[in-house]
Engineer: 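What follows is a single structure, and I will ask about it in a moment.
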Amino acid sequence: MILANLALSRSTLDRAAHRRDDPELLTRLLEQPSTRVLVMIGDQAPVTAEGSAALVLRPGPDVAHLAAADAVLLVAYLGTESGTESGTESGTDAEGIDHLLIALPAGAPMPRDATPPADGRTRLAVLREVGVDLDDTQAGLFTTALALVNWHATHPRCSRCGEPTRVAAAGWTRHCDACDTDHFPRTDPAVIMTVVDDADRLMLGRQAVWPDKRFSTLAGFVEPGESVEAAVRREVFEEAGIEVGEVTYLGSQPWPFPSSLMLAYRARALSTQAHVDGVELAEARWWSREDLALDVATGELVLAPPLSVSRALIEDWYGGPIRDGAATWR
């Protein structure tokens with residue numbers, strides 16, 4: 001049983017990694033009117049202001065000057081989409097549309113044409129806000145772009161010798177000329193799981209820093225030398241004092257906040273008496289389907305938004321979508 005339609009796992013882009021070593025690739029694509037460019041400012045991207053959100057992608061020649069701007073953080077090749085282009089201002093049909101990223105840091109002086117026009121039709125948005133609304137191609141574009149931006153922004157120096165590194169491989173590596181080392185974008189594996197007992201009840205936990213009614217599935221990072229199944233069992237026991245037996249894989253979703261890959265599981269509880277650690281979890285409770293539906297409807301239970309793997313896991317256990325009630329996760 002695999003979770004379907006996870007919001008940030010819907011990419012249709014061919015990353016065409018074999019093209020990244022072409023030193024002229026970015027320059028050449030920026031000259032082509034068929035190229036579509038996502039211009040990000042910090043963690044925000046331009047989207048349509050009316051109706052369902054769609055990324056506003058711009059033709060290569062229109063923004064080529066941004067690639068040479070002093071404030072530019074990153075220019076990267078994101079991949080190729082075959083077929084009809086969607087979500088752009090031009091609406092042109094094309095075969096093999098190439099997509100690039102130009103990223104500018106938040107707060108830096110913006111070059112001309114970097115920000116969306118003040119015409120009311122375009123606004124800046126973060127991925128958490130619009131990820132569910134974007135189509136499959138654009139969800140993948142924004143997710144990949146944000147992951148790359150986060151990594152480049154926090155890894156400007158070589159981890160071996162400490163010298164500054166430069167962007168290489170069309171945005172997919174950083175190279176240290178001092179010690180001739182290549183560095184690749186980091187992804188941190190994390191497990192996230194529904195914990196279900198023999199009565200088919202679901203356990204959810206509340207982090208100590210959350211409001212009283214906000215609960216979610218348990219999650220944690222995989223440690224070095226550890227299998228993901230072992231990580232599930234360790235995290236559940238450490239946080240809630242519950243022993244876990246069978247662990248079943250359900251799906252995965254990139255989570256670029258800043259650099260995680262969420263690996264989703266269902267865990268079968270061998271015990272039911274929770275003992276929270278008081279550090280990560282302040283409370284852990286069991287719900288039947290009837291109790292969960294009632295508590296959500298009355299606002300006594302606030303679940304994570306649809307963008308999250310947590311919500312997908314809970315709805316998979318529940319057996320269908322859950323409509324948010326009197327309170328929502330903000």
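FYI, the numbering just counts along the sequence from 1.
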Engineer: Does Asp291 pair with Arg201 as a salt bridge, N-O distance under 4.0 Å?
Structural biologist: no

Engineer: Show the nearest heavy-atom pair for residues Thr272 and Trp286, with the distance to one decimal.
Structural biologist: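 For Thr272 versus Trp286, the nearest heavy atoms are O-NE1, 2.9 Å.
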
Engineer: Any Lys/Arg nitrogen of Glu129 or Arg123 sitting under 4.0 Å from an Asp/Glu carboxylate oxygen of the other?
Structural biologist: yes

Engineer: CG of Asp200: more than 12 outside heavy atoms within 6.0 angstrom?
Structural biologist: yes

Engineer: Assess whether a salt bridge exists between Asp180 and Arg160, defined as any Lys/Arg side-chain N lying under 4.0 Å from an Asp/Glu carboxylate O.
Structural biologist: no

Engineer: Decide, yes or no, whether a salt bridge links Glu24 with Arg28 under the criterion of side-chain N to carboxylate O below 4.0 Å.
Structural biologist: no

Engineer: Under 4.0 Å between a side-chain nitrogen and a carboxylate oxygen: does that hold for Arg234 and Glu226?
Structural biologist: yes

Engineer: Flag the pair Trp210 / Trp329 as yes when their ring centroid distance falls below 6.0 Å, and as no otherwise.
Structural biologist: yes

Engineer: Determine whether more than 12 heavy atoms belonging to other residues, nucleotides or ligands lie under 6.0 Å from atom CZ of Arg19.
Structural biologist: yes

Engineer: Tell me whether Arg289 forms a cation-pi arrangement with Trp317, defined as NZ or CZ under 6.0 Å from the six-membered ring centre and within 45 degrees of its axis.
Structural biologist: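 Yes.
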
Engineer: Counting neighbours of CG on Asn5 that are heavy atoms of other residues, nucleotides or ligands and sit closer than 6.0 Å, is the number greater than 12?
Structural biologist: no

Engineer: Please determine if Arg36 and Glu81 form a salt bridge, counting it only when a charged side-chain N lies under 4.0 Å from a carboxylate O.
Structural biologist: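 No, no charged N to carboxylate O under 4.0 Å.
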
Engineer: Minimum heavy-atom separation for Glu283 to Arg285, with atom names?
Structural biologist: OE2-CD, 3.1 Å

Engineer: With a sphere of 6.0 Å drawn around CZ of Arg166, does it hold more than 12 non-hydrogen atoms of other residues, nucleotides or ligands?
Structural biologist: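 Yes, because the 6.0 Å sphere around CZ of Arg166 holds more than 12 heavy atoms from other groups.
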
Engineer: Is it possible for you to check whether Arg20 lies under 6.0 Å from the centre of the six-membered ring of Tyr77, through NZ or CZ, and within 45° of that ring's axis?
Structural biologist: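 No, Arg20 and Tyr77 do not form such a contact.
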
Engineer: Between Glu229 and Arg233, is the closest basic N to carboxylate O distance under 4.0 Å?
Structural biologist: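 Looking at Arg233 and Glu229, the cut-off is not met.
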
Engineer: Would you mind telling me which of Thr248, Asp316, Thr217 makes a side chain to side chain donor-acceptor pair (under 3.5 Å) with Arg266?
Structural biologist: Asp316

